[in-house]
Amino acid sequence: MEEVRLTSLVRSSGCNAKLPPGELHKALDNLPQSRSEALIEGFESSDDALVYDLGDGNVLIETVDFFPPMVDDPEIFGEIAAANAISDIYAMGGEPRIAMSLMCFPSCLDISVMRRIMLGAIRKTEEAGVVIAGGHTLSDREPKFGLAVTGFAPKDSVWSNKGAKPGDAVILTKKLGVGLLMTAHKAGESEAEEAIAQMRILNKAAKDAAASLDIHAATDVTGFSLMGHSYEVASASGITIAIEFSKLQYLEGAKEAALFGFVPEGRYTNEDYLEDKVIIPDSFEIWQRDMLFSPETSGGLLLFMSPQDANLYLERNANAYLIGYAEERDEKPVKVI
């Protein structure tokens with residue numbers, strides 16, 4: 001069977017395939033909530049994973065994430081999907097340990113492609129110290145893959161997306177622009193090597209660099225964009241996040257991709273949902289807004305800590321950079337300056 005390009009089979013890809021945040025909230029808001037005294041974190045504040053108290057001073061952290069391919073190489077797709085799913089455990093301050101796979105697989109693909117996707121995922125999970133111990137597979141028109149991941153942490157060391165304090169430094173641990181570059185890549189206008197390499201990087205080192213530091217809040221930046229995930233933290237914490245655009249770092253070619261119109265669909269649904277929740281200067285050019293609202297896949301950790309701890313963190317993690325500060329709640333939860 002002739003090998004089929006994975007990206008030719010999908011309408012959307014990576015975290016750009018997420019349901020638009022506005023539609024998601026329409027579906028989930030005001031749903032009856034299952035109650036458990038042991039459930040420390042659910043979906044109420046849009047946190048990255050659930051946290052369940054095991055009653056012995058430790059907690060279980062669980063998440064699930066899967067999406068259509070953004071690259072044609074099955075093994076690289078498996079690596080990216082695994083790194084992206086595992087990231088939610090790191091964003092909660094936990095150690096991932098076990099996982100189950102989720103695979104949607106079309107009949108037009110040779111079964112060897114499924115095996116190669118799994119090989120990539122296994123390679124990445126082994127790097128993270130995670131064991132894939134089962135999963136579920138469906139026949140589908142579009143290929144999709146991801147993991148349900150379980151991790152653990154001491155109860156008193158769990159991070160969440162609420163708890164950011166006025167005066168906190170805001171740190172991001174990966175560059176922006178993946179969604180823009182991969183849109184250009186799919187159109188044959190960009191090789192996107194740096195974007196693909198960054199998506200394959202685990203957030204383990206970024207999480208480990210925070211050891212002994214007091215992290216007040218944390219999340220990772222994925223499909224809802226830097227603006228969307230910043231808004232979730234600001235809203236849950238009752239503060240305003242001031243982001244300095246001049247301090248943002250983005251992948252080589254991302255600005256050019258935006259200028260040439262290679263913009264993922266999720267960029268527009270993100271802005272539609274967030275336009276009344278954030279303040280962006282009227283003087284900003286379209287490409288700057290593209291950078292702020294475009295979906296990321298397997299993005300970096302967004303960390304909130306004191307300026308003193310931030311200095312220590314930046315010494316430990318050369319890939320991280322300061323992007324702004326948290327302030328007392330102002331007119332809107334997020335503002336860009």
Side-chain angles (χ1 to χ4, degrees), residues 1-20 23-24 27 62-88 96 98-128 130-150 178-193 195-197 199-200 202 222-224 262-267 269 295-299:
M1 181 178 291
E2 183 180 352
E3 187 163 328
V4 179
R5 293 177 61 234
L6 294 182
T7 56
S8 70
L9 301 175
V10 300
R11 183 184 66 84
S12 190
S13 61
C15 288
N16 184 51
K18 282 186 174 182
L19 192 70
E23 296 301 309
L24 184 62
E62 191 162 5
T63 186
V64 60
D65 208 322
F66 68 108
F67 48 52
M70 70 300 296
V71 294
D72 291 316
D73 186 295
E75 292 190 37
I76 293 177
F77 172 43
E79 288 190 16
I80 292 170
N84 181 75
I86 293 169
S87 178
D88 284 341
I98 51 178
M100 301 186 78
S101 65
L102 299 101
M103 178 84 73
C104 297
F105 199 76
S107 59
C108 65
L109 291 178
D110 189 85
I111 201 69
S112 64
V113 175
M114 181 188 294
R115 177 179 174 81
R116 291 173 63 194
I117 293 171
M118 288 303 305
L119 284 172
I122 290 169
R123 184 160 57 244
K124 191 55 60 175
T125 53
E126 287 181 344
E127 181 183 340
V130 173
V131 175
I132 297 179
H136 190 67
T137 305
L138 293 175
S139 177
D140 195 359
R141 293 180 180 180
E142 289 191 349
K144 304 176 187 73
F145 178 72
L147 300 174
V149 188
T150 301
V178 165
L180 296 164
L181 275 172
M182 296 314 297
T183 302
H185 179 64
K186 187 173 182 179
E189 297 296 327
S190 170
E191 294 302 320
E193 293 94 341
I196 293 170
M199 286 188 288
R200 297 164 73 185
L202 291 170
T222 54
F224 294 155
F262 294 109
V263 180
E265 180 183 355
R267 172 258 191 262
T269 57
E296 303 293 323
T297 297
S298 191

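Since we're looking at a predicted model, the values are computed, not measured. Residues take their numbers from the sequence shown, with the count starting at 1.
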Residues in side-chain hydrogen bond (donor to acceptor under 3.5 Å, both in side chains) contact with [X], at least two apart in sequence or another chain:
{"X": "E62", "value": "none"}
{"X": "T150", "value": "none"}
{"X": "T269", "value": "none"}

[X]: which residues meet the side chain to side chain contact (heavy atoms under 4.5 Å, CB included) condition with it, sequence neighbours left out?
{"X": "A148", "value": "V64, L102"}
{"X": "E23", "value": "L19, P20, K26"}
{"X": "S298", "value": "A83, N84, K174, M199"}
{"X": "K186", "value": "T7, V10"}

Search all heavy atoms of [X] against all heavy atoms of [Y] and return the closest pair with its distance.
{"X": "P295", "Y": "G223", "answer": "CB-O, 3.4 Å"}
{"X": "T63", "Y": "A85", "answer": "CG2-O, 3.6 Å"}
{"X": "T183", "Y": "V263", "answer": "CG2-N, 3.9 Å"}
{"X": "P106", "Y": "L9", "answer": "CG-CD1, 4.2 Å"}
{"X": "L6", "Y": "P74", "answer": "CD1-CA, 4.0 Å"}

H185 vs M70, side-chain contact (heavy atoms from CB on, under 4.5 Å): CA-CA, chis, key distance, verdict: CA-CA 9 Å; H185 179 64; M70 70 300 296; over 6 Å; no
Quick one: which residue pairs count as a side chain to side chain donor-acceptor pair (under 3.5 Å) with a foot in residues 130-141, not counting sequence neighbours?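 Side chain to side chain donor-acceptor pair (under 3.5 Å) check on residues 130-141 returns D140-K144.
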Which donor-acceptor pairs under 3.5 Å do side chains of residues 111-127 form with protein atoms, sequence neighbours excluded?
{"residue": "S112", "atom": "OG", "partner": "D110", "partner atom": "OD2", "Å": "2.7"}
{"residue": "R123", "atom": "NE", "partner": "E79", "partner atom": "OE2", "Å": "2.8"}
{"residue": "R123", "atom": "NH1", "partner": "E75", "partner atom": "OE1", "Å": "3.2"}
{"residue": "R123", "atom": "NH2", "partner": "E75", "partner atom": "OE1", "Å": "3.0"}
{"residue": "R123", "atom": "NH2", "partner": "E79", "partner atom": "OE2", "Å": "2.9"}
{"residue": "K124", "atom": "NZ", "partner": "E127", "partner atom": "OE1", "Å": "2.9"}
{"residue": "K124", "atom": "NZ", "partner": "R200", "partner atom": "O", "Å": "2.7"}
{"residue": "T125", "atom": "OG1", "partner": "A121", "partner atom": "O", "Å": "3.0"}
{"residue": "T125", "atom": "OG1", "partner": "I122", "partner atom": "O", "Å": "3.0"}

Counterpart residues, salt bridge (Lys or Arg N to Asp or Glu O under 4.0 Å), relative to D73 (two or more places apart):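 Once residues adjacent in sequence are excluded, D73 has no partner under the salt bridge (Lys or Arg N to Asp or Glu O under 4.0 Å) criterion.
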With rounding to the nearest 0.5 Å, note down the distance linking CD1 in I76 to CD1 in I196.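 Taking CD1 in I76 and CD1 in I196, the distance rounds to 6.0 Å.
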Distance from L147 atom CG to M103 atom CE, nearest 0.5 Å?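 If I round to the nearest 0.5 Å, the distance is 9.5 Å.
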Working note: D88 + T222, criterion side-chain contact (heavy atoms from CB on, under 4.5 Å); need CA distance, chi angles, decisive distance, verdict. CA-CA 10 Å; D88 284 341; T222 54; 5.6 Å; no
List the residues meeting ring pair (Phe, Tyr, Trp, His ring centres under 6.0 Å) with F224, not counting sequence neighbours, and say none if there are none.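 F224: ring pair (Phe, Tyr, Trp, His ring centres under 6.0 Å) contacts with H229.
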Using the ring of each side chain (for Trp, its six-membered ring), is F145 parallel, tilted or perpendicular to F77, with breaks at 30° and 60°?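 If you compare the ring of F145 with that of F77, the planes turn out perpendicular.
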